[in-house]
Amino acid sequence: MDGNGRWATQRGFSRVQGHRRGKDSVKEIVETARELGIEFLTLYAFSTENWERPEREVDALMRLLRHYLRSEVNKMMRHGIRLRAIGNLRRLPREVLSDIRAVEQRTRANEGMTVQLAVSYGSREELVTAVRRLARKVRDGVLAPEDIDETLVSDSLMTAGIPDPDLLIRTSGEMRLSNFLLWQVAYTELYVTDVLWPDFRRPQFLEALDDYKRRERRFGKTAEQLGQEV
Ligand code: IPE
Ligand code: MG
């Protein structure tokens, strides 16, 4: 979710105003995804690198996150939405973490859609943590190096149990991954739009999904091979 700051600056507003509008986009996209029957939606809300932003902006983002969780939890319950957070959550202010845990706890049995919130998240950090965990198991003699395979690596990441994304949408025109789900997006379809996140609403989301539907996902195979499989 990128472009809140630019959206605000273009209008002579403060960056925080942009984040506030961005929160409205989050609500609309979650709602739309649920209506469409999308089972998993991951939102990259705050990266490990975002901690370097001015304290005032970080504080405002944390406040908005708490507002979002508190104002949406009842709707999540009504709509069967399960929330889970990934990232280095220990870096979060205590009250933010406790709000996240409370919503995770309340929504844990919901089966309609999983919203995965990446907050204080960085994919390299996630990989380092996973490598350390595996290395410890090898050291302790409970895991043989040759038993480390792709499935085990996937299962060692914070996204364990969540399928790899089919589609990654990046707003505001930036052509980069910005440390997001590096392992998980190996075969993900990428969609980049110039639309800034506060303007990314239902119609723009439907357009992205429409574009995705027209893609041919070959996973390294030839088009002919795929034709034979069906
Ligand atoms: C939102 O957009 C992303 C968050 C960290 C919440 P930005 O704040 O990165 O907006 P730009 O890139 O400055 O336009
Ligand atoms: Mg940005």
Side-chain angles (χ1 to χ4, degrees), residues 1-33 40-73 76 81 83-97 99-100 103-104 115-126 158-159 165 167-182 184-185 188 190-205 207-208:
M1 304 187 283
D2 198 14
N4 294 352
R6 276 162 280 178
W7 184 93
T9 307
Q10 283 169 9
R11 287 162 179 78
F13 300 159
S14 72
R15 292 180 57 85
V16 175
Q17 289 287 96
H19 296 313
R20 229 170 257 145
R21 280 305 197 96
K23 192 176 80 169
D24 296 336
S25 289
V26 171
K27 290 183 190 171
E28 192 165 323
I29 297 309
V30 169
E31 179 72 32
T32 305
F40 299 93
L41 178 73
T42 300
L43 299 165
Y44 197 8
F46 192 87
S47 72
T48 47
E49 291 73 24
N50 286 151
W51 287 115
E52 308 299 324
R53 291 196 179 188
E55 197 181 324
R56 254 185 12 169
E57 185 171 341
V58 172
D59 287 349
L61 283 165
M62 292 298 140
R63 263 199 309 279
L64 280 171
L65 177 55
R66 293 190 74 195
H67 281 157
Y68 172 76
L69 293 167
R70 283 163 176 254
S71 73
E72 293 304 290
V73 65
M76 288 178 195
I81 294 172
L83 183 114
R84 71 193 314 253
I86 55 168
N88 187 347
L89 305 182
R90 279 166 309 173
R91 278 185 84 175
L92 293 168
R94 201 171 4 155
E95 62 282 5
V96 178
L97 181 56
D99 281 357
I100 289 176
V103 177
E104 281 182 330
V115 171
Q116 188 167 237
L117 206 58
V119 47
S120 185
Y121 174 84
S123 193
R124 285 186 167 188
E125 189 177 72
E126 174 186 39
M158 291 164 178
T159 48
L167 172 66
L168 184 153
I169 299 172
R170 170 124 201 183
T171 55
S172 86
E174 306 300 349
M175 294 284 188
R176 56 175 172 265
L177 290 172
S178 299
N179 207 7
F180 184 58
L181 302 180
L182 299 179
Q184 297 89 334
V185 300
T188 297
L190 307 180
Y191 180 86
V192 178
T193 171
D194 286 334
V195 174
L196 305 175
W197 178 252
D199 289 329
F200 192 83
R201 298 297 168 99
R202 190 185 174 92
Q204 290 76 19
F205 188 30
E207 206 176 303

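In this chain, numbering begins with 1 at the start of the sequence shown. Remember, it's a predicted structure, so these values are computed and weren't measured experimentally. Counting starts at 1 for both ligands and their atoms, in listed order.
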**Report entry** Heavy-atom closest pair, residues V119 and L89
**Finding:** O-CD2, 3.6 Å

Query raised in the report: Can you find a non-hydrogen atom of R15 under 4.0 Å from ligand 1?
Result: yes

Query - Any side-chain heavy-atom pair of E28 and F200 under 4.5 Å - result: no

Report task. Using a strict cut-off of 4.0 Å, indicate which atoms of ligand 1 neighbour a heavy atom of D2. Result -> 2 (O), 7 (P), 9 (O), 10 (O), 11 (P), 12 (O)

**Report entry** Side-chain heavy-atom pair L69, L83 within 4.5 angstrom cut-off
**Finding:** yes

Query raised in the report: Are any of the heavy atoms in A45 under 4.0 Å away from ligand 1?
Result: yes

Report summary line: Closest heavy-atom pair, G122 versus T48, reported as atoms and distance to 0.1 Å, is N-CG2, 3.6 Å

Report summary line: At under 4.0 Å between heavy atoms, what of T9 touches ligand 1? The answer is neither

Report task. Report, in ascending order of atom number, the atoms of ligand 1 lying under 4.0 Å from any heavy atom of G5. Result -> 7 (P), 8 (O), 10 (O), 11 (P), 13 (O), 14 (O)

Report summary line: Counting from 1 in the order shown, the ligand 1 atoms closer than 4.0 Å to a non-hydrogen atom of M1 are 1 (C), 2 (O), 3 (C)

Requested in this report: For R91 and E125, run salt bridge (Lys or Arg N to Asp or Glu O under 4.0 Å): C-alpha distance rounded to whole Å, both residues' side-chain angles, the deciding distance at 0.1 Å, then the answer.
Outcome: CA-CA 13 Å; R91 278 185 84 175; E125 189 177 72; 5.2 Å; no

Query raised in the report: At under 4.0 Å between heavy atoms, which part of N4 makes contact with ligand 1: side chain, backbone, both or neither?
Result: both

Report summary line: What one should report as the nearest heavy-atom pair of S25 and W197 is OG-O, 2.8 Å

Report summary line: In ligand 1, the atoms that come under 4.0 Å of a heavy atom of N50 are 5 (C)

Report summary line: Note: ligand 1 atoms sitting under 4.0 Å from heavy atoms of L61 are 6 (C)

Report summary line: the Mg ion (ligand 2) -> D2, closest N, O or S atom is OD1

Requested in this report: Kindly say whether W7 contributes a backbone atom to a donor-acceptor pair with the side chain of R11 at under 3.5 angstrom?
Outcome: yes

Query raised in the report: Would one find an N, O or S atom of E174, in either backbone or side chain, under 2.8 Å from the Mg ion (ligand 2)?
Result: no

Report task. Specify whether Y121 and F180 have parallel, tilted or perpendicular ring planes, treating 30° as the upper limit for parallel and 60° as the lower limit for perpendicular. Result -> perpendicular

Requested in this report: Please answer whether the main-chain N or O of G87 pairs with a side-chain N or O of S120 as donor and acceptor at a distance below 3.5 Å.
Outcome: no

Report task. Work out whether the distance between some heavy atom of G3 and some atom of ligand 1 is less than 4.0 Å. Result -> yes

Report task. Would you mind telling me if ligand 1 is within reach of the side chain of R53, the backbone, both or neither, using heavy atoms under 4.0 Å? Result -> side chain

